[in-house]
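Written out below as structure tokens is the structure these notes cover.
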Amino acid sequence: MPYPFNTIEAKWQMYWDNHHTFRTESHSTKPKMFILDMYPYPSGAGLHVGHPEGYTATDIVSRYKRMRGFHVLHPMGWDAFGLPAERYAMQTNIHPRSTTEQNIATFRRQIKMLGLSYDWEREVDTTDPGYYKWTQWIFLQIYNSWYDSRRQKARPIETLAEALAEHGSSVLPGEPPFTAAEWNAMSRKQQHDILAKHRLAYVAEIPVNWCEGLGTVLANEEVDEWVEKGYTVERRPMKQWMMRITAYAERLLLDAADLDWPSSTLEQQRNWIGRSEGAEIDFPLTGGGSMRVFTTRPDTIFGATYMVLAPEHPLVDQLTTPSQKGAVHEYREVARRKSERDRDVEQDKTGVATGGSVINPATGKEIPAWIADYVLMGYGTGAIMAVPGHDERDYAFARKYSLPIIEVVSGGDIHREAYTGDGKGINSANAEVSLNGLSTPEAKARINAWLVEKGYGKPVVQYKLRDWLFARQRYWGEPIPIVHLEDGTMKPLSEKELPLLLPDLKKFQPSGTTESPLALATEWVDVADAETGLRGRRETNTMPQWAGSCWYYLRFIDPRNPDMLCDPELERYWMPVDLYIGGSEHTVLHLMYARFWHKVLYDLGHVSTREPFMKLRHQGIILGEDGRKMSKSRGNVVNPDDVVAQYGADAMRLFEMFMGPLEEMKPWSTRGVEGVFRFLNRVWRLYMDEEGHLNPRLLSSDQPTPELDRAYHATVKKVGEDIEAMRFNTAIAQLMIFINEATKSDERPRSVLEPFVLLLAPFAPHLAEELWSALGHHHSLTYEPWPAFDAARIASDTVEVVLQVNGKVRSKLTVPLDASDDVLQREALADENVRRHVEGKTVVKTIVVKNKIVNLVVR
RNA sequence: GCCAAAGUGGCGGAAUUGGUAGACGCGCUGGACUCAAAAUCCAGUCCGGCUCACACCGGGUGAGGGUUCGAGUCCCUCCUUUGGUACCA
């Protein structure tokens, strides 16, 4: 008969609920510990076995930290806006809200079934108006801010208006110059338009992936999935809400240095931001005006033999000569129809000459301007100087179209391939400047100085990071709290008007236009502005799913506050998150977006820390029993409900932690679950008799054998250390070692078996509570102090020393602890087996490592 | 292509300031209990040689080299797998 896990688990889950065992009070004098899981999207499929892995890990740490005297915040919620519920609504006309509620109920039941110690009174749901009120509020904070590049921080937009009124556009590098007086003379609309360009949330016309069948834009990473399903996706320019994350590129990069995150995650974020240093250079057009390019190799400018513009570049029309018009037009059409992905896949370089030309300011020579889709409008200036001798792409292009290739950096063989490495400059001089003989870094510095002096260019830092497309043409998302007035201005809602509720719809089909289904709710869309008397139209786009997850950790701190997103005093106490665990699939997007919002809130004084998540770990993917990715079609999906029904939640938790290191990918194994289940049964039988009562010997005997005593103290030490380092698999192995040791003995010494229950508790909390209660305790063990160990009692008074001859193990020796080197050496030489290998040879060297080895080197 | 992580028994995995490779679990083998089975308990289990057995000997951490008295651990070259990313000038 297995132990009665069913009744035990139900009993203790009810106990914890009824006693609010895991409720976290707002105030405490204890040190705080904020332990966070990446909350799930509650899909219709229910929990899969991957979810509990991370959740169990944080639960173990949370339970352990409570016993260590920490005030622990460990909450759970739902990232519940999203396309799946909406697609279901499109097919069935069932409101996404009711689908979402059902799915949340399933997830909540399944998560509770695992005995995770969340404070359920802090549960949040991103689709709850009481929650998304604050998502909208943060949107408005961002909308109502600009990035002051001189102070390197976001500031309220009014400060920009004030600065413009006082100093004119000198505060805004890049803006066409105007004086304070000119600003003050502008119309409301003119001022509005200038400010709008500098807000951290702004509307821009950019090329996006539009899917007609779904009636929405798609993120780049979503495109493949829908194309496979037979939908067509095209690139078209559309007006979209954007967030100016690029303003934070440098800070996102720099502040990452302080984070205890996996190095691969930090590395990926660095790559995503893609910082590169170079120069912007203006090439004069032969017909007047100039063409700005970005290059990381200004030192190769003497080798720039042609120019390439992205097909969409605005200068193309001006450069194109009449004879090339047809070819250019045709090429641009073809390029426009290709998605950005298609362009990436094609490695073959194509292009068309515009017929126009520019002057290379270094050589003074006229060079042709081409268009080619290997130059992207979205990076740098959308145009490059092509240096075929020292860039592989330019080299391939120049070869294909027979454009001249000049060597300006020595070190390679440009007759065979482009040389992209560093080297000494050659063929690089004009009347004013020479790079010949200079190393690449020297040449860069020299030419940059010359470019600045002549006004041709300047050093700049460029990032791959692009602004965040922050709008979806969907119903099931947070409405963007903006009204478009008939005079062409935009008006943000005031805080009092939040939350802006989603209108109810009868049907959830795409609107048939490029607007979201919200456009069909005409009563909701059409508004009159009381202040100006103007008619207006609500923004019909909704926020992307990332929005709610950008700040949910803050809401957990103060989840029911009707007046603030989070009380500042509580925020200062709880932030930052001490431990954050979730899948590595969120490495770039979620974690980058959340850091970005956090920094804006920090700049505006709403949060006290520069970074939200101090320590981050990823759980690995759990594969099917066949070692392949779990999927319905392979039939290898493991359902947590079934596992819990058969072996109990404690076994499920224990197995997921015992499989291997948390962050590694590993296959499921039913046999493995049975193994840990057997272990739990062994624990049960050690404490309880056949009738399910406490074994009476636990009350009588109290002297552990020296071996058991040693095993106990070693277990306390190892389990504690392993939990701190999140090595749960080896912690569990140690628990097993102790139980094996204890089972050997007929005695049941309470002095070690009672505190052992506390060591087991973070891993198998239901069983531990039951045993604790059987031992005569009347309260939950949740806040019992973690047992201490005595290092002196772990050490044995004898140790086994390995005897080696020429590095090979020849014998073993049991000696008193800390035996001296002399004694060890003498004992070693006296050992029979060692003597056989030393005989007839000379000992040239002896290495003695105390308590470990003696190695005799013989010849 | 580039970046990152990882390769250890039949399987999941342990062991890193360089010091007994294979903890713990699974599986397997044998035994106890049972009419029998399940469950449970005990013993064994890296591979090979030799042995009644104990002992002993050889080999062994993806491959090859190197450093060292000693390398799974450090260095070099290569191979494989996984994840990410991809014309970013």
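Sequence lines set the chain letters: A, B, ... in the order given, protein chains first and strands last, and positions in each chain run from 1.
Atom NZ of A/K666 and atom C1' of B/G12 are 10 Å apart (whole Å). With rounding to whole Å, A/M377 atom CE is found 16 Å from B/C87 atom C1'. The distance from atom CE of A/M665 to atom P of B/G83 is 5 Å, rounded to the nearest whole Å. Between the CZ atom of A/F738 and the P atom of B/G25 there is a distance of 15 Å, rounded to whole Å. For the pair A/K464 NZ and B/C87 P, the computed distance is 9 Å after rounding to whole Å. For the pair A/N806 CG and B/A71 P, the interatomic distance rounds to 11 Å; values are reported in whole Å.
Between A/N806 and A/N855, the shortest heavy-atom contact is N-OD1, 3.5 Å. Here the shortest heavy-atom pairing between A/Y379 and A/Y463 reads CE1-O, 3.5 Å.
At a threshold of 4.0 Å, the pair A/E280-A/R292 counts as salt-bridged, since one of the basic side-chain nitrogens sits closer than that to a carboxylate oxygen. A salt bridge is absent between A/D373 and A/R332: the closest approach of a Lys/Arg side-chain nitrogen to an acidic carboxylate oxygen does not fall below 4.0 angstrom.
The side chain of A/R678 contributes an N or O atom lying less than 4.0 Å from OP1 or OP2 of B/C26. At the phosphate of B/A89, OP1 or OP2 sits under 4.0 Å from a side-chain N or O atom of A/S276.
Atom P of B/G7 sits at a distance of 33 Å from the matching atom of B/A89, rounded to the whole Å. A gap of 16 Å separates the P atoms of B/A15 and B/G25, to the nearest Å. Straight-line distance between the P atoms of B/A4 and B/G22: roughly 34 Å, to the nearest whole Å.
Picking from B/G19, B/C41, B/G25 the nucleotide with the shortest atom distance to the side chain of A/M736 gives B/G25. Side-chain atoms of A/N271 lie closest to B/C3 of the nucleotides B/C42, B/C69, B/C3. Of the listed nucleotides (B/G84, B/G19, B/A14), B/A14 has the atom at the smallest distance from the side chain of A/N729. Side-chain proximity of A/V375 to the nucleotides B/C69, B/A89, B/U85 is greatest for B/A89.
A/G380 comes within 4.0 angstrom of nothing in the nucleic acid, heavy atoms only. Using a 4.0 Å heavy-atom criterion, one finds that A/E392 contacts no nucleic acid atom at all. Within the 4.0 angstrom heavy-atom criterion, only backbone atoms of the sugar-phosphate kind lie near A/I737; the bases stay farther away. Using a 4.0 Å heavy-atom distance criterion, A/T295 is classed as a sugar-phosphate-only contact. Residue contacts shown for A/T743 are absent, as no nucleic acid heavy atom lies under 4.0 Å away. Residue contacts for A/N740: at a heavy-atom cut-off of 4.0 Å it reaches the sugar-phosphate backbone alone, with no base atom in range. A/E800 comes within contact range of at least one nucleobase, with a heavy-atom separation under 4.0 Å. Nucleic acid contact for A/V802: base, since at least one base atom lies under 4.0 Å from a heavy atom of the residue.
For B/G9, the base adopts the syn conformation, since its glycosidic angle falls within 90 degrees of zero.
Within a 6.0 Å radius of NZ in A/K850, other residues, nucleotides and ligands contribute more than 12 heavy atoms.
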Task: Contact pattern, 5' to 3', of nucleotides 54-62 of chain B - B, S or - by protein heavy atom under 4.0 Å - done: --SSSS---
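If you check B/G27 for Watson-Crick or wobble pairing at under 3.5 angstrom, you find it paired to B/U45.
Looking at residues two or more places apart in sequence or on another chain, you find a side chain to side chain donor-acceptor pair (under 3.5 Å) between A/N740 and A/R682.
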- [ ] Take A/E625 and A/T670 through the test side-chain hydrogen bond (donor to acceptor under 3.5 Å, both in side chains) and record every step on the way to the result.
- [x] CA-CA 8 Å; A/E625 194 129 24; A/T670 303; 2.9 Å; yes
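Judged by closest nucleotide on RNA chain B, A/I732 is the one of A/I732 and A/K629 placed further toward the 5' end.
For the residue pair A/N681/A/R678, the side-chain donor-acceptor check at 3.5 Å is not satisfied.
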